[in-house]
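Labels below follow one simple rule: chain letters A, B, ... track the order of the sequence lines, proteins then strands, and each chain is numbered from 1. The figures that follow rest on heavy atoms only: side chains count, while hydrogens, waters and symmetry mates do not.
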Number of protein chains: 2
Amino acid sequence: MTEALGLTSARWKVIGVIALSNSGLTVPGIARVLGQSRQAVQRITDVMVTDGLLSYQTNPKHKRSVLVVLTEEGKTAYQALRDVQDPWAIRNTEDIPIEDLDAGLRLVHRLIQKFDK
Amino acid sequence: MTEALGLTSARWKVIGVIALSNSGLTVPGIARVLGQSRQAVQRITDVMVTDGLLSYQTNPKHKRSVLVVLTEEGKTAYQALRDVQDPWAIRNTEDIPIEDLDAGLRLVHRLIQKFDK
DNA sequence: CGACCTATGTCAGCATGTTGTCATTTGACA
DNA sequence: TGTCAAATGACAACATGCTGACATAGGTCG
């Protein structure tokens, strides 16, 4: 799904997190949201900045830890992604009772919470 | 969980597949069961043979594609794994109604089947 | 039997993720 | 204000996975 847009799943995740934030996130911040190491995120964002999807912005609250924001190209990619993914998600779930999906989601959350302990 | 046994999750997966087979599997066969590339499995099994967990056995049905079998050390590791994982699985699910777990499993299977289409 | 497609082994390059280490910046606290 | 722990950046080593490519073995069909 991401391939047609020139993205990969890892970049998709990063774009998604940033798109849902208001004023940009630091690299370690993105890592915390994704539950990944900051080093892994750093590598991805560096490449994405090179590719023009993201840009680093001065962080008024921290001298070294810059904020990661979407460029116009990044925002376009995010929207293109949504235009593909949303219909896909609907297509694959529309014939399943909402109660079933909800119960499944609650079960998964419950298990995750147990595993984190 | 695997770390204490000197294993990794990738090796765990391979051992599990082989343990459930009767007379050994070929590398591409393991890959098909796991839904992974044969190259990825080949790399893992090569290391595991070096480490003494697996051994390659002549395949009467194929000159080049050998069978992968568990060594005694491999069987011991598998059992040690089960001794840790089974209680863990029970511990994390015993207070959840079996109907809920079953419904969740059916939902996941249903979604996977949709995604595969 | 020979041609041809498929399966397999093998090597290479790449993407994604982890952990460990060390220097530097931040921020809280005595 | 000085100290010190936590957070961050940066680099390295490694594990796991993918795809592509090429040669060889297996099996089917004319």
Calculate the interatomic distance between B:Trp12 atom CH2 and D:dA15 atom C1'; express it in whole Å. 17 Å

Phosphate-side-chain proximity, B:Ser37 and D:dC18, N/O vs OP1/OP2 below 4.0 Å: yes

Whole Å only: how far is the CZ atom of A:Arg43 from the P atom of D:dG9? 16 Å

Using a 4.0 Å heavy-atom cut-off across all strands, classify A:Ala10 as base, sugar-phosphate, or nothing. sugar-phosphate

Looking only at side-chain N and O atoms, does A:Thr8 come under 4.0 Å of OP1 or OP2 in C:dA15? no

Look only at the side chain of B:Thr71 and the backbone of B:Leu53, and say whether a donor-acceptor pair between them is shorter than 3.5 Å. yes

Give the residues of residues 50-61 of chain A touching DNA chain C, defined as any heavy atom closer than 4.0 Å, sorted by residue number. A:Lys61

Rounded to the nearest 0.5 Å, how far does OG1 of B:Thr45 lie from CZ of B:Arg11? 10.5 Å

Side chains of A:Leu54 and A:Val49: closer than 4.5 Å at any heavy-atom pair? yes

Report, one line per pair, each donor and acceptor closer than 3.5 Å where one atom sits in a side chain of residues 87-100 of chain B; sequence neighbours left out.
| from | atom 1 | to | atom 2 | distance (Å) |
| --- | --- | --- | --- | --- |
| B:Asn92 | ND2 | B:Trp88 | O | 3.0 |
| B:Thr93 | OG1 | B:Ala89 | O | 2.6 |
| B:Asp95 | OD1 | A:Lys114 | NZ | 3.2 |
| B:Asp95 | OD2 | A:Lys114 | NZ | 3.3 |

Begin from the C-alpha positions of B:Met48 and B:Ile15 and carry the test side-chain contact (heavy atoms from CB on, under 4.5 Å) through to its verdict. CA-CA 10 Å; B:Met48 290 174 76; B:Ile15 286 187; 3.3 Å; yes

Minimum heavy-atom distance between A:Gly24 and A:Val69, given as atom pair plus value: CA-CG1, 4.0 Å

Can you sort out the partners of B:Arg82 under salt bridge (Lys or Arg N to Asp or Glu O under 4.0 Å), two or more places apart, ordered by chain and number? B:Asp86

What is the per-nucleotide protein-contact pattern of nucleotides 6-14 of chain C, from the 5' end, where B denotes a base atom under 4.0 Å from a protein heavy atom, S denotes such proximity for sugar-phosphate atoms only, and - denotes neither? --BBBB---

Can you measure from CG (B:Leu107) to CG (A:Leu107) and round to the nearest 0.5 angstrom? 9.5 Å

Which Ile, Leu, Val, Met, Phe, Trp or Tyr residues join B:Ile112 in one cluster when any pair of side-chain heavy atoms under 4.5 Å counts as a link? B:Val108

Please report the shortest heavy-atom distance between A:Val27 and A:Arg38, naming the atom on each side. CG1-O, 3.6 Å

Starting at the 5' end of DNA chain C and moving along, which residue's nearest nucleotide shows up first, A:Lys63 or A:Ser9? A:Ser9

B:Lys13 side-chain N/O to D:dG17 phosphate OP1/OP2 under 4.0 Å: yes

B:Ile44 and B:Ala10: which non-hydrogen atoms are nearest, and at how many Å? CD1-CB, 3.8 Å

For A:Ile44 and D:dA10, give me the distance from atom CD1 to atom P, rounded to whole Å. 16 Å

Output the rounded distance in Å from CD (B:Gln36) to P (D:dA15). 16 Å

Any N/O pairs under 3.5 Å between the protein and nucleotides 1-5 of chain D? List them or say none.
none

